[in-house]
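Proteins come first, then strands; the chains are lettered A, B, ... in the order of their sequence lines, and each starts at number 1. What you see is a predicted model; the values in this text were computed from it and never measured.
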2 protein chains.
Amino acid sequence: MRMKTIRKEEGPIAGRPVTNQRSLLLDIIRQANRHLDADELYRLAKKREPRISLATVYRNLKLFKELGLIAERKLGDTHSHYEIRGAADHHHLVCLGCGQVIEFESPFIAKATDKIKRENDFDVTSIQLKMEGYCSKCKKKMK
Amino acid sequence: MRMKTIRKEEGPIAGRPVTNQRSLLLDIIRQANRHLDADELYRLAKKREPRISLATVYRNLKLFKELGLIAERKLGDTHSHYEIRGAADHHHLVCLGCGQVIEFESPFIAKATDKIKRENDFDVTSIQLKMEGYCSKCKKKMK
DNA sequence: ATGAAAGATGCAAACATTTGAAAAATATTT
DNA sequence: AAATATTTTTCAAATGTTTGCATCTTTCAT
Ligand SMILES: [Zn+2]
Ligand SMILES: [Zn+2]
Ligand SMILES: [Zn+2]
Ligand SMILES: [Zn+2]
């Protein structure tokens, strides 16, 4: 129906058909620049593509994750959040008291990864690290 | 109905009523010594306490986790696994090719944790680290 | 441009987990 | 030991995520 001239090799969704749903979803995640959940993404996508289904959202989140384009985060809610994967991988510190999420990077994690790779002859493609505990404010409240 | 003389302060389930379901579940997890999922735990518990419900299993897994007795692991399946928390915390390396799970410990992770604690004045109570990738066998197959 | 093959989508159903509320068990007070 | 207060359990319903299958879309070869 529609005239599309995008070759599959050009886009970031390497080797896979480029559908409207796919580019739309990836576009929304890129623009968002924060931790989106599946339902937020679904509702945002519906505005531009009203017939899109939640299953498609989940299936593409899974695909984008496998392609290394996004990261899934389990931050403490009952559901997951997703964010774009940039140059430097970051990790999360979650306060069990107030729910605040602090993002951080750590050179020690890179060292640990190198060691693991060598010792196990393993090709590590992704690292998921979350630390939980209590922030300074919540620590004080608990006394 | 039943004569129980266990005082709540004695058991490991500090400050909480000690129910049959609770001690049974914790006992099974202790004995298992491997990564159990909620349904396996439920079926094992049913053998000794046929009226136990799956909701009780989930609610107690949540409690044990909060008390630091067990750890929840998301190893790549659609569902979680649980294991007892011993003296030394360990982490997981999951092969995306064959699904094998390698457990490891790392002093670098401890260093990273210390730094995070100091820099953010944060009291870290648990660390969840998973690395994904391809083991040596699966790497070779992919060539 | 057309047709065939491969792959994605939408829907509904299945699965995994959480939660409200009434009933039951445990703990505390008398 | 009985009465009361507190917490847990069960069941059922709700929420979050995955999956089978028929249909539609995209891609590839002509
Ligand atoms: Zn806090
Ligand atoms: Zn983040
Ligand atoms: Zn492997
Ligand atoms: Zn383990």
Using a cut-off of less than 4.0 Å, is there contact between a side-chain N or O of [X] and OP1 or OP2 of [N]?
X: B/R59; N: D/dT9; value: no
X: B/N20; N: D/dT9; value: no
X: A/Q21; N: C/dG10; value: yes
X: B/S80; N: C/dA16; value: no
X: B/T19; N: D/dT7; value: no
X: B/R16; N: D/dT7; value: no
X: B/R22; N: D/dT8; value: yes

Between [N] atom [atom2] and [X] atom [atom1], what is the distance in whole Å?
X: A/L41; N: D/dG16; atom1: CG; atom2: P; answer: 15 Å
X: B/Y42; N: D/dT9; atom1: OH; atom2: C1'; answer: 13 Å
X: A/E49; N: C/dT9; atom1: CD; atom2: P; answer: 10 Å
X: B/N60; N: D/dT10; atom1: CG; atom2: C1'; answer: 13 Å
X: A/K74; N: C/dA16; atom1: NZ; atom2: P; answer: 13 Å
X: A/H79; N: C/dA16; atom1: NE2; atom2: P; answer: 20 Å
X: A/L63; N: D/dT19; atom1: CG; atom2: C1'; answer: 16 Å
X: B/K62; N: C/dT18; atom1: NZ; atom2: C1'; answer: 9 Å

What I want to find out is whether A/D39 reaches A/R43 closely enough, with some N-O distance under 4.0 Å, to be called a salt bridge.
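Looking at A/D39 and A/R43, the cut-off is met.
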
Could you give the distance from CD1 (A/I116) to CZ (B/F104), rounded to the nearest 0.5 Å?
4.0 Å

In Å and rounded to the nearest 0.5 Å, what is the CG to CZ distance from A/L63 to A/R16?
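Spacing of CG (A/L63) from CZ (A/R16) equals 5.0 Å.
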
Counting side-chain heavy atoms from C-beta on, which of [options] comes nearest to [X]?
X: A/S53; options: C/dG7, C/dG10, C/dT17; answer: C/dG10
X: A/Y58; options: C/dT17, D/dT18, C/dG10; answer: D/dT18
X: B/T56; options: C/dC11, D/dT9, C/dT17; answer: D/dT9

Any side-chain heavy atom of B/R22 sitting closer than 4.5 Å to one from B/L26?
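No, side chains not in contact.
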
Using a heavy-atom cut-off of 4.0 Å across all strands, would you classify B/T78 as base, sugar-phosphate, or nothing?
sugar-phosphate

Base, sugar-phosphate alone, or nothing: which one does B/D39 contact when heavy atoms must sit under 4.0 Å apart?
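The answer is nothing, as B/D39 stays clear of every strand by at least 4.0 Å.
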
Give a yes or no on whether the backbone of A/K74 and the side-chain of A/S80 come within a donor-acceptor separation of less than 3.5 Å.
no

